[in-house]
Student: 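Just passing along the structure, written as structure tokens.
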Amino acid sequence: MDVTAIVEPLNEPQREAVTAPARPTLVLAGAGSGKTRVLVHRIAWLIRVEGLSPQRLLAVTFTNKAAAEMRQRIEALLEFPTQHFWIGTFHGLAHRLLRIHCDEAGLHAGFQIMDSDDQLRLVRRLLKSLEIDENERAPKEVQWFINAQKDDGLRPANLDAEDNAGRAQLIDLYGRYEKICADAGLVDFGELLLRAKELLAHNEAIRAQYQARFQHVLVDEFQDTNAIQYDWLKLLAGRSSTPFVVGDDDQSIYRWRGARVENLQKFQRDFPGAAVVRLEQNYRSTGTILNAANAVIAHNSERLGKNLWTEGETGEPIKLYAAFNERDEAEFVVNRIVDFVTGGMRRDELAVLYRSNAQSRVFEEALLIAGIPYRVYGGMRFFERAEIKDALAYLRLIANRDDDPSFERIVNVPTRGVGARTVEAVREEARRAGTSLWRAAAAVITAERLAKRSSNALWQFLRLIDQLDEATGSLALDMQVKHVVNASGLVAHYGKDKLAGESRVENIQELISAAQGFLADAESALPPLIEFLSYAVLESGDTQAEDYEDSVQLMTLHSAKGLEFPVVFVCGLEDGLFPHQRSATDSAGLEEERRLCYVGLTRARQQVFLTYAEQRRLYGTDNFGVPSRFIREIPQELLEEVRPAMAVSRPVYRRESLQEATSSGVRLGQRVRHGKFGEGIVLNAEGSGAHARVQVNFERAGTKWLVLAYAKLEVM
DNA sequence: CATACAGACATAAAC
DNA sequence: TGTCTGTATG
């Protein structure tokens, strides 16, 4: 194969990155600048030109989708199968490492992975067993604490209570949680990474082995890495390997999930002499869209600095629509969609983006009325569905009787007469004897401490699991699954469901198909079932099956990252909604919101529509919105305001800012006193001068809108 | 033990 | 306002 195909289609900086000599390299790749292309061509270059054995490279992504895409594109370019390449997600690769070295990592050979749902259940049960009230200590908070510590690489022993009783309790819970996981042979997502990191950090032989093996380590979306992922990379790269990382600080939108943008700077410090390549030429959007995006992101102070440009056309101005309310906003968007579709555009070329999921409903209703097919991203994914998780719990219990969360999940599904009291007795025994629920159940039955009926029901359950194990031990994986879902009564149980029975049974059938199509790793010594169960957690499946028909795409700004559409609607641009109230309090949060806006704008190829609603019904109450500051950050000459024919209100960018509107000393959050209504807090404000109005929540009189000129509010 | 109702809650989400 | 969870009830 000739080198031309690898190098020819690249621009200068792309080529520089792809053909870079073997030294640490940081590629700052702007939106739409060919980031994936650079990674794919770099790998092709290393193999074809540098003669690197595929065995000796490691490529890491965040999502299975990205990993699959990379694989596919490498195969297309190299005409070469990639099954044996180490390309995968951080979690997938960590999992692989732990399976290979489970002894050294201190894990059971058949350890299983818990998803966040399983994790939360486990935390709930832990709190209950300690008789800690959920109102006093929210399970979510405990879960969040544990995950945050793991993301930072900290074990309970590394934590200091700092004379804080609440913190001390959290640390204690973290310790107990770890014990439960270890006993049940369970590993959560954070644990996969942390364990893998500790394995490399503490075991010199293994570390040396992988450092020597992986000459090149490539990382995608580097701005999304957390502390452990970074340490992991550093351990793996060692002195002899070459890290090649690609990222964009302007697209870092996952700080709340543990991501550390600082890792980009840290990389330059930890690998002195690292080459830095900037990809700034954009192949996606019009000049107008890029100028707008550049202008918005320029308001951020913490940046490495980058400016997107294009050789393409200027394109249409960005259209701005000020809707009366959220229904009007949706109607406007749907009318534009109808126009585009009538004009010959495919529906899946149109995307409606919003800040929070709750906003989708109004658009869905409007699209439904207009008879336009749409697809909403997000929501329940395949392997997260209750019927699927129940089926998997049976399989997990068959594989490992000590898997307490699975035991609890299915001990009475379908209902077999094992009630809450019976389960409580089993838990009690497990706590007393310090064993798993499975063993405790057997002990409770033997001790004859239960009513005969309960005892029998429990006995039936234990027998069922043993029987399923015996009956399926020698079957192929798909037959194993098929037998379990039928003989356990799960299919019959879900089939009875009047509302969703049909689809639930279909899903269970789908699980059997998935098992049928599952290719277990030939090198692995583990039973295929164990591998399949891990696969099910790590690859939790798409939200929805592939579109049957061409449909409009509805999703949050977060889930739009990495995608592109000819036409993009960014909706709900109101202060408090976008930027979101809960992120706008500190500058770091606000900057992340701004990056989110940047991500939204740069999704569009040809045309962007921005909308906001002057009034929005949210959680049952009306809110009067102020246009998002992000609108004002776009240069006016790039914007064109679309007004309904009857409109009378002023154009948004000439509208006085909130501060001017309330220059009389009344600010949001300000305490004020009114002659008649008493004291209250200013919630909202709009208009200016003689028309300026504020919304005040009075302690006694409730929420009221008042015209400042008349109300004679006293600032407190 | 299934269903009905009351009350809490509501940013984003990959593995 | 809608959804989800936990509890009360037949």
Side-chain angles (χ1 to χ4, degrees), chain A residues 60-67 88-95 113-120 124 128 134-135 138-140 144 147 150-151 187-194 196 220-221 224-226 228-229 252-259 326 353-362 364-365 377-381 383-384 386 412-421 457 493 496-499 534-543 555-562 572 576-585 589 592-593 595-596 599-600 616-623:
Chain A
V60 201
T61 64
F62 274 85
T63 65
N64 290 301
K65 198 177 149 207
T89 62
F90 277 102
H91 293 85
L93 294 167
H95 172 240
I113 308 167
M114 265 189 299
D115 67 14
S116 358
D117 185 59
D118 300 332
Q119 188 187 32
L120 187 62
R124 279 222 172 88
K128 207 165 255 171
E134 293 200 357
N135 295 317
K140 277 247 166 70
W144 186 88
N147 290 337
K150 290 193 181 187
D151 279 351
V187 166
D188 62 41
F189 288 130
E191 187 72 23
L192 281 175
L193 300 177
L194 181 51
D220 191 15
E221 305 278 20
D224 289 341
T225 51
N226 66 25
I228 307 200
Q229 286 158 339
S252 158
I253 54 174
Y254 288 115
R255 196 176 63 119
W256 52 275
R257 206 166 77 176
E326 76 282 355
L353 310 183
Y354 36 78
R355 176 63 235 265
S356 62
N357 286 310
Q359 285 167 257
S360 77
R361 237 199 57 232
V362 196
E364 289 185 63
E365 284 166 6
Y377 281 67
M380 195 63 78
R381 308 166 81 213
F383 285 108
E384 292 167 359
N412 201 31
V413 179
T415 43
R416 53 172 68 83
V418 182
R421 305 182 68 159
H493 174 250
K496 277 191 302 192
D497 190 329
K498 280 205 176 61
L499 251 77
S534 309
Y535 161 84
V537 185
L538 286 175
E539 173 91 56
S540 53
D542 228 331
T543 305
M555 69 190 83
T556 63
L557 286 145
H558 281 91
S559 29
K561 190 174 144 217
L577 190 61
F578 187 33
H580 198 276
Q581 198 90 54
R582 298 178 70 152
S583 312
T585 42
E592 180 146 310
E593 294 285 305
R595 292 192 288 269
L596 197 52
V599 166
R616 181 180 296 274
R617 207 172 171 80
L618 210 61
Y619 308 138
T621 45
D622 282 325
N623 296 79

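Residue numbering restarts at 1 for every chain, and letters A, B, ... go by the order of the sequence lines.
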Student: Return the nearest nucleotide to the side chain of A/Thr63; candidates are B/dC15, B/dT11, B/dC1.
Tutor: B/dC15
Student: Side-chain donor-acceptor pair under 3.5 Å between A/Gln119 and A/Ser116, yes or no?
Tutor: no
Student: Just the atom pairs and distances: protein N or O near nucleotides 3-10 of chain C's N or O, under 3.5 Å.
Tutor:
none

Student: Please work out if A/Gly417 contacts a base, only the sugar-phosphate, or nothing of the nucleic acid, heavy-atom cut-off 4.0 Å.
Tutor: sugar-phosphate
Student: Return the nearest nucleotide to the side chain of A/Thr415; candidates are B/dT11, B/dC15, B/dA2.
Tutor: B/dA2
Student: For the CH2 atom on A/Trp144, are there more than 12 heavy atoms of other groups (residues, nucleotides or ligands in this structure) within a distance under 6.0 Å?
Tutor: no
Student: How would you list, by chain and number, every residue that makes a side-chain contact (heavy atoms from CB on, under 4.5 Å) with A/Ala138, sequence neighbours excluded?
Tutor: A/Glu141
Student: Do NZ/NE/NH1/NH2 and the carboxylate oxygens of A/Glu592 and A/Arg595 come within less than 4.0 Å?
Tutor: yes
Student: Name the nucleic acid region contacted by A/Asp115, choosing base, sugar-phosphate or nothing; use a 4.0 angstrom heavy-atom cut-off, strictly under.
Tutor: nothing
Student: Is the ring of A/Phe189 stacked on the base of B/dA14, with centres less than 5.5 Å apart and planes under 30° off?
Tutor: no
Student: Would you indicate what A/Thr621 reaches in the nucleic acid, counting non-hydrogen atoms under 4.0 angstrom: base, sugar-phosphate, or nothing?
Tutor: nothing
Student: Tell me, please, which residues at least two apart from A/Ala457 pass side-chain contact (heavy atoms from CB on, under 4.5 Å).
Tutor: A/Val418
Student: Let's see if you can work this out: which of B/dT11, B/dC15, B/dA13 has an atom nearest to the side-chain heavy atoms of A/Arg355?
Tutor: B/dT11
Student: Please pick, from B/dA13, B/dC15, B/dT11, the nucleotide with the shortest atom-to-atom distance to any side-chain atom of A/Asn64.
Tutor: B/dC15
Student: Measure from the side chain of A/His580, starting at C-beta and using heavy atoms only, and say which of B/dA14, B/dT11, C/dT1 lies closest.
Tutor: B/dT11
Student: Select one nucleotide: of B/dT11, B/dA13, B/dA14, the one nearest the side-chain heavy atoms of A/Ser583.
Tutor: B/dT11
Student: Can you tell me how far P of B/dC15 sits from CZ of A/Phe62, to the nearest Å?
Tutor: 11 Å
Student: Given B/dT11, B/dC1, B/dC15, which nucleotide is nearest the side-chain atoms of A/Leu538?
Tutor: B/dC15
Student: Using heavy atoms to find the nearest nucleotide of DNA chain B for A/His91 and A/His493 separately, return the residue whose nucleotide is more 5′.
Tutor: A/His493
Student: Both A/Gly190 and A/Glu592 contact DNA chain B. Taking the nearest nucleotide for each, which residue is further toward the 5' end?
Tutor: A/Glu592
Student: Strictly under 3.5 Å: I want the nitrogen or oxygen pairs between protein and nucleotides 7-10 of chain B, one per line.
Tutor:
none

Student: May I ask you to decide if the ring planes of A/Tyr254 and A/His558 are parallel, tilted or perpendicular, using 30° and 60° as cut-offs?
Tutor: tilted
Student: Given the rule that a pair is Watson-Crick or G-U wobble with both distances under 3.5 Å, how would you write DNA chain B in dot-bracket, using | for pairs to a different strand?
Tutor: ||||||||||.....
Student: Side chain of A/Ser540 only, please: which of B/dT11, B/dC15, B/dA14 is the nearest?
Tutor: B/dC15
Student: Taking only residues two or more places apart in sequence, or in another chain, which ones meet A/Phe90 in a ring pair (Phe, Tyr, Trp, His ring centres under 6.0 Å)?
Tutor: A/Phe62, A/Trp232
Student: Which residue is it: A/Gln359, A/Glu365, A/Glu364? I am looking for the one with a side chain to side chain donor-acceptor pair (under 3.5 Å) to A/Arg361.
Tutor: A/Glu365
